[in-house]
Each structure stands twice: as structure tokens, then as C-alpha cells.
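A short write-up of the structure that comes next.
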There are 2 protein chains.
Amino acid sequence: MAKGPTVYHVAERAGVSIATVSFTFRQPDKVKASTRELVLAAAEELGYVPSASARGLARGRTGALGLFAYDYLLDPADGIRGEGQDPLHPAEADLERRNEDLRLFPLYVDEVQRGVELECWRRGQALLVGGGNPENNEAVLSDIAGRVDGLAVFPRSVPSEALARIARRIPVVEVSENVHNRELDHVTVDNISGVRAITEHLISAHGLSDLMFLGGMPSSDNEERLEGFLGALQDAGLPTTREPKYPCGSEQSLTEVVSDICRQGSLPEAFVCATDQDALVVMDALAAVGVGIPKDVAVTGFDGIAAGRVIKPSLTTVRQPMEQMGRTMVELLLDRLDHPDKPPVARRLPVRVVLRESCGCQPG
Amino acid sequence: MAKGPTVYHVAERAGVSIATVSFTFRQPDKVKASTRELVLAAAEELGYVPSASARGLARGRTGALGLFAYDYLLDPADGIRGEGQDPLHPAEADLERRNEDLRLFPLYVDEVQRGVELECWRRGQALLVGGGNPENNEAVLSDIAGRVDGLAVFPRSVPSEALARIARRIPVVEVSENVHNRELDHVTVDNISGVRAITEHLISAHGLSDLMFLGGMPSSDNEERLEGFLGALQDAGLPTTREPKYPCGSEQSLTEVVSDICRQGSLPEAFVCATDQDALVVMDALAAVGVGIPKDVAVTGFDGIAAGRVIKPSLTTVRQPMEQMGRTMVELLLDRLDHPDKPPVARRLPVRVVLRESCGCQPG
DNA sequence: GCGATAAATCAAAGCGCTTAGATACTTTGC
DNA sequence: GCAAAGTATCTAAGCGCTTTGATTTATCGC
């Protein structure tokens with residue numbers, strides 16, 4: 001564990017200058033084959049491993065990208081936060097729950113992260129994943145920012161001032177919710193036509209006409225989804241008498257909304273939900289009061305998380321190409337490095353309706 | 001995107017030396033409060049983000065740990081590799097399958113990785129995750145090694161010479177399979193008592209006496225599991241007449257083994273499988289020939305992957321504390337950095353039997 | 001108010017690599 | 001066989017930070 005060998009050691013051993021050693025690794029064809037072998041052999045014997053810090057410093061580029069996977073488990077917005085957690089291990093209680101509850105794993109973020117990982121590896125980029133306790137997000141973010149050439153972040157994971165500050169230094173790309181910072185590159189999906197398509201399916205394939213849109217929290221994504229919903233109703237000449245419900249924030253209140261509706265006997269023919277998570281909550285609420293899906297009411301989601309495939313009845317939804325979104329983030333980052341002055345890009349990816357049982361379709 | 005501000009800029013702006021700027025960030029109490037504010041303000045205005053490369057170079061430590069998550073999707077050993085894949089996008093075909101097939105996500109590695117991530121974040125370490133195409137694993141590994149202070153790896157993800165070379169430079173910890181390199185730190189689980197316990201359960205709770213051990217591939221983990229199995233039989237005074245089957249490598253042959261047994265009519269009362277993946281294959285094979293589980297034969301696994309909870313019948317298994325294993329890897333790495341000369345550590349974590357339907361127990 | 005001691009700041013020397021530009025060594029053309 | 005035109009290699013100047021030891025400034029006891 002003694003301090004490792006450096007270019008100097010290798011150079012000495014091979015009887016060349018340190019420049020030649022460096023060239024051997026970075027621009028092999030600038031070095032005569034015989035010399036190269038010599039250097040390589042010396043390096044091998046010494047167990048030489050180039051220091052990325054030194055290289056990064058010299059080159060002004062680290063060769064790594066960063067992903068800030070904020071600790072979504074703790075995000076109050078998704079309603080799975082537990083109470084009274086050990087502040088030192090904030091994530092553990094949730095993680096355990098997550099391990100026990102298939103619904104929670106893998107989530108949207110996990111699949112996007114997977115895409116980021118794969119694309120980085122494919123392109124020979126190192127990937128730094130950082131997460132944080134909500135308390136010190138900024139410090140962590142800044143630390144990561146100092147280590148990478150570009151940063152991929154999830155929306156609302158970090159105050160936008162902090163993000164703006166980072167963005168002055170390195171490219172930043174945000175996934176979805178392209179509303180917060182129009183100066184950044186964004187990867188989003190076609191929310192509008194996704195929901196429009198699934199709504200049309202409910203109308204034309206299942207002959208439904210009394211539909212209601214339900215969403216857990218306000219966001220630009222959800223607004224677009226609502227827009228798609230309303231568009232489909234209009235196109236079909238249906239009235240938009242039901243006002244869409246956005247119980248802001250917690251599952252609790254979404255559950256309440258649903259049970260209120262049931263109690264009043266004003267059940268629509270279908271609930272079009274803004275996310276799969278919302279849909280799962282709605283399905284639970286319906287099950288709790290004995291309403292049958294899709295017999296009494298159809299339910300659809302948006303995202304395509306794994307849980308939707310397992311649940312009974314399986315969830316009809318709009319699947320986001322999450323892996324592809326992750327890959328695209330990497331692509332935009334690398335692009336931006338080459339063209340710093342290009343205007344901000346917002347890449348919008350297509351989605352796919354996945355018909356399953358909860359809308360009344362047969363599986364398989 | 002102009003080259004960002006450095007300590008020099010901040011120092012100039014704040015009217016102090018670069019040393020003071022550095023101290024402000026690294027050892028704030030060495031700096032007078034008023035000066036500190038000055039520096040911080042200047043840094044803020046300039047949008048200063050310290051360069052980790054420079055810090056790493058100066059300190060001789062990067063402050064990051066690495067995880068080499070070899071692309072298990074491509075590991076022929078787990079039998080899910082597709083044929084004729086685009087060499088440029090080696091993982092994509094498999095990833096798509098994985099997305100479609102719940103069995104494959106999240107896997108063992110995913111959960112361990114999650115543990116590594118969480119523990120790194122908790123300890124304020126950056127985490128570099130690297131994966132690789134099977135072709136250039138070594139190059140990738142070496143690149144990662146140059147970027148981190150310590151490396152966590154999965155077994156057989158990389159040639160052991162390469163690993164040994166890295167280990168000369170930085171601490172390396174391997175998860176499970178502590179057979180390849182006894183010089184490295186290891187995190188393993190108590191395979192023996194896990195399988196012993198689950199076997200005892202089959203014997204005493206379900207009154208079974210004709211048990212058979214089945215494993216997809218030879219490994220030190222699996223050998224220990226077999227040992228636990230045999231131990232339980234002996235303790236119960238049962239004969240070990242059935243020879244355990246290790247169809248080396250592919251699911252194909254494990255499937256064949258099972259259908260052969262069925263064809264011969266020599267079905268045991270239970271299959272104790274070396275891994276959940278193996279168990280899933282076995283269950284498929286049994287289903288294919290119309291053998292009922294657990295009615296005609298009980299089946300158990302080992303690992304506790306998510307798929308075992310969803311499958312019908314749900315899989316009785318021995319759950320490894322995967323997250324904890326990941327966390328422990330980080331712990332060992334950091335430990336090793338402080339005590340380079342301590343003899344190699346092999347930390348063995350306890351496992352937990354999870355009774356579900358496939359052994360004949362009722363769920364819930 | 002003075003020297004002595006502690007606290008705050010600074011100057012400067014690296015850390016290990018990359019890469020211009022300089023230098024040495026080979027080819028090539030005639 | 002020699003100048004011209006490559007090739008191969010080297011010298012040396014950073015890259016942006018940390019940190020030791022020196023220097024300056026503030027604090028204290030008497």
C-alpha cells in the first residue's frame with residue numbers, strides 16, 4: 001500500500017522520459033513500437049496505475065460524468081417517507097420498506113439511472129453517482145460538480161440556485177420537468193400524446209365516456225398529462241365536466257379524494273392517473289371500499305414502473321423509455337461539452353401505451 | 001463554460017492568499033470568522049467550485065470509492081445472455097429482456113450496489129460505478145482504479161491477476177466467493193447455516209425426508225451451501241443417498257436435469273437450490289412437466305431476490321442481507337485505508353430464512 | 001507599554017500528469 | 001553523400017490545490 005509508482009518510476013525503469021511514458025498510454029502511435037513495449041513492460045512490472053487526479057488536472061477534464069440521484073426515498077412528495085427516522089441513517093427505514101414492498105423497487109429513478117450507467121460505460125466515461133441527505137444536498141452536489149465534466153440531475157432534487165451555479169461551470173442536464181430552468185438541457189417525454197392516446201383507448205376501445213384525471217402533485221409533467229387528457233376528451237366530443245383533482249402532495253389526500261368520490265356514489269367510468277404511483281394508491285383506495293377494477297371503474301397510470309406489471313389487476317399505463325432517457329442525458333452532456341454555446345436543448349422522447357388488465361383489456 | 005474560477009481568483013477577490021482560501025474550505029476554524037466570510041462571499045460571487053482533481057493530486061487521495069459492477073447481464077454464467085448482440089451495444093438486448101421480465105430486476109448485484117451507494121453517501125464518499133464490456137474489463141478497471149481510494153468488486157468480474165495488480169495500489173474488497181484471492185478483504189454470508197436452517201425446516205416442519213440439492217454452477221458459495229444441506233441431513237439422521245447435482249454452468253442443463261428426474265419418476269420431496277435463480281429455473285422446468293409445487297415437490301432457493309416474492313407459488317428462500325453486504329464492503333474499504341497492514345478480513349454476515357409458499361408454508 | 005506567547009496568514013514547494021515546442025535521430029530524393 | 005523532411009523523443013512549463021514552516025498580527029501578563 002506504499003505510494004504507487006508514477007510516470008517517473010516507469011520512465012526510469014524503461015529508460016525513457018516521462019513524456020514517452022505518457023504518450024505510450026495516451027497516444028500510442030506517437031511512440032515507436034519497440035519503445036512502447038518497453039514502457040508497457042516496465043509499467044506492468046511496477047504495477048503502474050495512472051492517476052486520474054493528475055491527468056484531470058493536467059487536461060482540465062476529468063473524463064467522468066456525474067449523476068445526482070437525490071435520495072428519492074426521502075422525498076416527501078412520493079409519500080413513502082417514514083416518521084421518526086434515525087437521522088444518521090435516514091434512508092434505512094425506507095430502504096427496508098422498499099425491499100419488502102415490491103411496489104417501490106425498481107422505481108422510475110432506478111431505471112433512468114441504469115440508462116445513464118450503461119451509456120456512460122458504453123462511451124468510456126466514468127460515472128460518479130452521488131446522493132445525499134436532504135440536509136447537505138448542496139455540499140454534496142458541489143463536491144460532485146468538482147469531480148466531473150458534466151452532471152445529470154433529477155428535477156427538484158436540488159435548489160435551482162445551486163444548480164445554476166454548477167451550470168456556470170459544467171454542463172447540466174435535467175430529466176423531465178423542463179420548467180424550472182430553461183437554460184439547462186432537458187430530457188422529457190411526450191406527456192401530452194401519451195395521455196391522449198391512453199385516454200382515447202379508454203374511449204374508443206372500451207366505450208367509456210365519463211373519465212376523470214387524478215394526479216398526486218402539481219408539476220409541469222402532470223400539467224402536460226392533463227392537457228393530453230383534456231385534448232382527448234375534446235376530440236371525442238366529450239364534456240369535460242369532471243374537474244381534475246390534484247390533491248397536492250400526499251398519498252393520504254389522494255386516497256381521501258377517491259374514497260370521497262366512492263362515498264358520494266359519483267364514480268366515473270375511469271380514473272386516468274398522472275403517474276403509476278398515483279394509480280397504485282388509487283387502486284388501493286378503491287379496493288378498500290370494494291370497488292372492482294376494471295369491472296366498476298378502469299384505472300390507468302403513467303410511467304411503466306415494474307410494480308404495475310405485478311399488481312393485480314395489472315396496470316394499463318404509458319411507459320416512459322426510462323433507460324433511453326438516461327442514455328439521452330449522457331448524450332446531451334457529451335454533446336454540450338463539445339458545443340458549449342449551442343442554445344439549450346430539450347429532447348422529447350416518445351412514450352408507449354401498455355395495455356394491461358386495469359383498463360379492461362386482457363393480458364397477453 | 002469558460003474555465004472556471006480557481007483559488008487564485010477567489011484569493012485575489014477576497015484580498016487573501018490562496019492558502020487562506022484553501023483553509024476556508026478544508027479547515028474553517030483555522031481562519032478568523034471575518035476572513036472566512038470574506039472568502040466565502042468571494043467564492044459565491046465567482047461561482048467557485050473546487051477542483052477535485054487538484055485536491056486529489058495534492059492530497060494523494062481522491063475521496064472516492066469505486067464499485068466495479070461488471071455487466072452481469074452479459075455473464076454467460078447466469079444464463080440470460082442473448083445471442084448475436086450488437087457488439088457496440090452489448091447490454092441493450094438483455095436490458096430490454098430484463099425490463100420485460102421481472103425475474104431479472106432487481107437482482108442480487110443491484111441490491112448490493114444500492115447498499116454500497118447508501119453507505120458511501122452516508123460517509124461522505126463519492127462513488128464511482130464502473131461497468132464494462134467483457135472485452136475491455138481490464139482497461140476499465142484500471143481506469144477506475146486510478147480514480148478512487150478503494151475498490152469494491154463482484155467475484156469473477158475480472159481476472160484475478162488484474163485484481164491483484166490493483167490491490168497493490170489500493171484496497172480491494174470482494175463480495176462473497178472468498179476463495180479466489182485470500183489476500184483481499186471479503187464480505188460473505190453464512191451459507192452453511194442458512195441452508196442448514198432451511199433444510200431443517202423442510203425436514204421438521206414439513207416432515208420431508210427425501211431431499212435433493214441442486215445448483216447451477218460450482219462456486220465456493222455453492223459448496224458451502226451444499227455443506228449446510230448435508231449437515232442438516234446428517235443431523236436429522238437422514239441418508240444422503242441422492243447425489244447433489246451441479247450441472248455446470250447453463251440453465252439449459254439444469255432444466256434437463258430436472259426433467260430427466262421427472263421422466264424417471266424419481267422425484268424427491270424437495271429440491272433445495274443453491275440460488276434463487278436456480279430455483280426459478282427448476283420451478284419452470286417442473287411446471288413444464290406438470291409437477292405441482294409444493295404439492296408434489298417443495299422447492300427452496302437462496303438469495304432473496306425480488307422475483308421470488310412475485311412468482312407463484314412464492315419462493316421460500318434464504319435471504320442475504322444484500323444491502324448490508326454493500327454497506328459492509330464500504331466499511332471494510334475505509335477501514336483498510338486506515339490500517340493498510342492489518343491482515344485480510346473476511347466478514348461473514350448472517351442470513352435469514354424466509355418462508356413462503358414453495359415449501360408448503362402459507363404466506364402471510 | 002513591553003516582551004512573550006498564541007493566533008492568523010502567507011510564501012512556496014510539491015502532487016503526477018499532459019503537451020507545446022525544442023532537439024535528436026531517420027528517411028528520403030537526387 | 002547530403003540537405004530536406006519527416007519521426008521519435010525529450011525538456012520544461014504548467015494544471016489547481018494542500019500543507020509545512022516562516023512570518024506577521026493579535027493577545028496577554030505584569
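To find a chain, count down the sequence lines: A is the first, B the second, and so on, and within it residues start at 1.
Within the 4.0 angstrom heavy-atom criterion, only backbone atoms of the sugar-phosphate kind lie near B:Val16; the bases stay farther away. Base contact: B:Ser22 has a heavy atom under 4.0 Å from a base atom.
In terms of position along DNA chain D, the nucleotide closest to A:Tyr8 lies nearer the 5' end than the nucleotide closest to the other residue of the pair B:Tyr8 and A:Tyr8. For the pair A:Arg59 and A:Ser53, nearest-nucleotide mapping onto DNA chain C gives the more 5' position to A:Ser53.
Minimum interatomic distance between B:Leu65 and B:Val148 (heavy atoms only, all atoms of both residues): C-CG1, 3.5 Å.
For D:dG16, neither phosphate oxygen OP1 nor OP2 lies less than 4.0 angstrom from any side-chain nitrogen or oxygen of B:Ser51. In this model, the phosphate group of C:dG16 is not approached by any side-chain N or O of A:Thr6 to a distance below 4.0 Å at OP1 or OP2.
Checked against D:dT18, C:dG16, D:dT9, the side chain of A:Ala58 finds its nearest nucleotide in C:dG16. Of the candidates C:dT9, C:dC17, D:dT19, the closest approach to any side-chain atom of B:Val31 belongs to C:dT9. Picking from C:dC17, C:dA11, D:dC17 the nucleotide with the shortest atom distance to the side chain of B:Ala19 gives C:dA11. Closest contact between the side chain of B:Phe23 and the listed nucleotides D:dT20, D:dC17, C:dT19 involves D:dT20. For A:Lys30, taking side-chain heavy atoms from C-beta onward, the closest of the listed nucleotides D:dG16, C:dG16, D:dT9 is D:dT9. When the nucleotides C:dC17, D:dC17, D:dT9 are ranked by their closest atom to the side chain of B:Tyr48, D:dC17 comes out on top.
At whole-Å resolution of the value, NZ in B:Lys32 and P in C:dC10 are 10 Å apart. Counting to the nearest Å, the C1' atom of D:dA8 and the CZ atom of A:Arg36 are 12 Å from each other. Atom CD1 of A:Ile18 is separated from atom P of D:dG14 by 15 Å (rounded to the nearest Å). In this structure, the CD atom of B:Gln27 is 13 Å from the P atom of C:dA8, given to the nearest Å. B:Arg55 places its CZ atom 11 Å from the P atom of D:dT19, with the value rounded to the nearest Å. Between the C1' atom of C:dT9 and the CZ atom of B:Arg26 lies a distance of 18 Å, rounded to the nearest Å. To the nearest angstrom, C1' of D:dT9 lies 18 Å from CD of A:Glu12. The distance from atom CG of B:Leu38 to atom P of C:dC10 is 11 Å, rounded to the nearest whole Å.
The aromatic rings of A:Tyr108 and A:Phe154 lie perpendicular to each other, with more than 60° between the two planes, well past the 30° mark.
Here the side chain of B:Thr62 pairs a donor or acceptor atom with the backbone of B:Arg147 at under 3.5 angstrom. Looking only at distances, no side-chain donor or acceptor of B:Arg347 sits under 3.5 Å from a matching main-chain atom of B:Asp185.
Crowding of B:Glu331 atom CD: a count of heavy atoms from other residues, nucleotides or ligands under 6.0 Å exceeding 12.
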